[in-house]
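Every chain is numbered from 1, with letters handed out A, B, ... down the list of sequences.
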2 protein chains.
Amino acid sequence: MLPVDTTQLLKGVLDLAVLAALRDEDGYGYDILRRLRTAGLGEVGDASVYGTLRRLFNAGLLTTYVVPSVEGPHRKYYSLNAAGRDELQRSGKIWHGFASTMDDLLRERETA
Amino acid sequence: MLPVDTTQLLKGVLDLAVLAALRDEDGYGYDILRRLRTAGLGEVGDASVYGTLRRLFNAGLLTTYVVPSVEGPHRKYYSLNAAGRDELQRSGKIWHGFASTMDDLLRERETA
DNA sequence: GGACACTACTTCGCATCGCGCACTACTGTG
DNA sequence: CACAGTAGTGCGCGATGCGAAGTAGTGTCC
């Protein structure tokens, strides 16, 4: 598909979305996936979330701990650390700036 | 760079930005590049714009005509056609929906 | 007049990233 | 025992933006 589809829009924003999903509460991959879908990101794939968590962890923004579950497989919880919270704020600002720039572009008339 | 950078944010949105830049006035690649940068998309690369124009044209959203310039090389102008305007509207809505979802996520407290 | 800079466009190959698919593994149910 | 639901991993693909290089036309400066 050539025009705008959500898949492409997610690029670069999934990081931010996952950080945001972890802001108030630790979570494990499958759960974060549900949070994002509930929030409105319906088309997000499971592999994308796991991959993103991996990347954020490797970037030093998350800590992780495994909780063996009595009901079902083990759960790998992720938690925002200080760097993660910093990054969440920083990225959030970048996002807002970018979004408002785009809104201006879309709303632009020949004021210039 | 692992965290959010504008390059990744642009993914999928450049199409929309270029369509928007052409909404009020025809333009050629180099000029569109300037419009986008002026609008606030400072980091957009020239090759990206040309590539995007090519893609949008191949998708049937643009028409094009070459204007030989007296001062400098020829200019390949692009113009939105009906399909392009439709797509601009459609993509704009998708963008707004997506952006507001992200804003909710970022503003979310444990209201849920 | 030749080096340089600016405009304008094209092509090439690279890196990132989200995704679909397949696979493992554990639990509970029909 | 097969199957569905939960939970995680790995692999390869496709789309896309980007940097760098190249071509070409014009004007400027030494």
May I have the distance from [X] (atom [atom1]) to [N] (atom [atom2]), rounded to whole angstrom?
X	N	atom1	atom2	value
B/Leu53	C/dA8	CG	C1'	12 Å
A/Leu33	D/dA7	CG	P	10 Å
B/Tyr30	C/dT10	OH	C1'	14 Å
A/Asp31	D/dT6	CG	P	11 Å
B/Asn58	D/dT16	CG	C1'	15 Å
A/Leu9	D/dA15	CG	C1'	13 Å
B/Leu16	D/dT16	CG	C1'	15 Å
A/Ile32	D/dG8	CD1	C1'	13 Å

Going 5' to 3' through nucleotides 18-30 of chain C and flagging B where a protein heavy-atom sits under 4.0 Å of the base, S where only the sugar-phosphate is that close, and - otherwise, we get SBBB---BBS---
Tell me, please, which residues at least two apart from [X] pass side-chain contact (heavy atoms from CB on, under 4.5 Å).
X	result
A/Thr64	A/Phe57, A/Lys76, A/Tyr78
A/Ala83	A/Leu61, A/Asn81
A/His96	B/Asp103, B/Leu106
B/Ala39	A/Leu105

Here the salt bridge (charged side-chain N to carboxylate O under 4.0 Å, His left out) pairs for residues 35-48 of chain A, sequence neighbours left out, are A/Asp31-A/Arg35
Checklist entry - Does a nitrogen or oxygen in the side chain of B/Tyr50 sit under 4.0 Å from OP1 or OP2 of C/dT10? => result no
On the nucleotide D/dA7, are OP1 or OP2 found under 4.0 Å from the side-chain N or O atoms that A/Arg34 carries? yes
**Message:** Below 30° counts as parallel, above 60° as perpendicular, anything between as tilted: where do the rings of B/Tyr77 and B/Tyr28 land?
**Reply:** perpendicular
* Out of D/dT9, D/dT6, D/dA15, whichever nucleotide has its closest atom nearest the side chain of A/Gln8 ->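 The answer is D/dA15, which lies nearest to the side chain.
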**Message:** Tell me if a side-chain donor or acceptor on A/Ser91 pairs with a main-chain N or O of A/Leu88 at a distance below 3.5 Å.
**Reply:**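 Not a single qualifying donor-acceptor pair exists.
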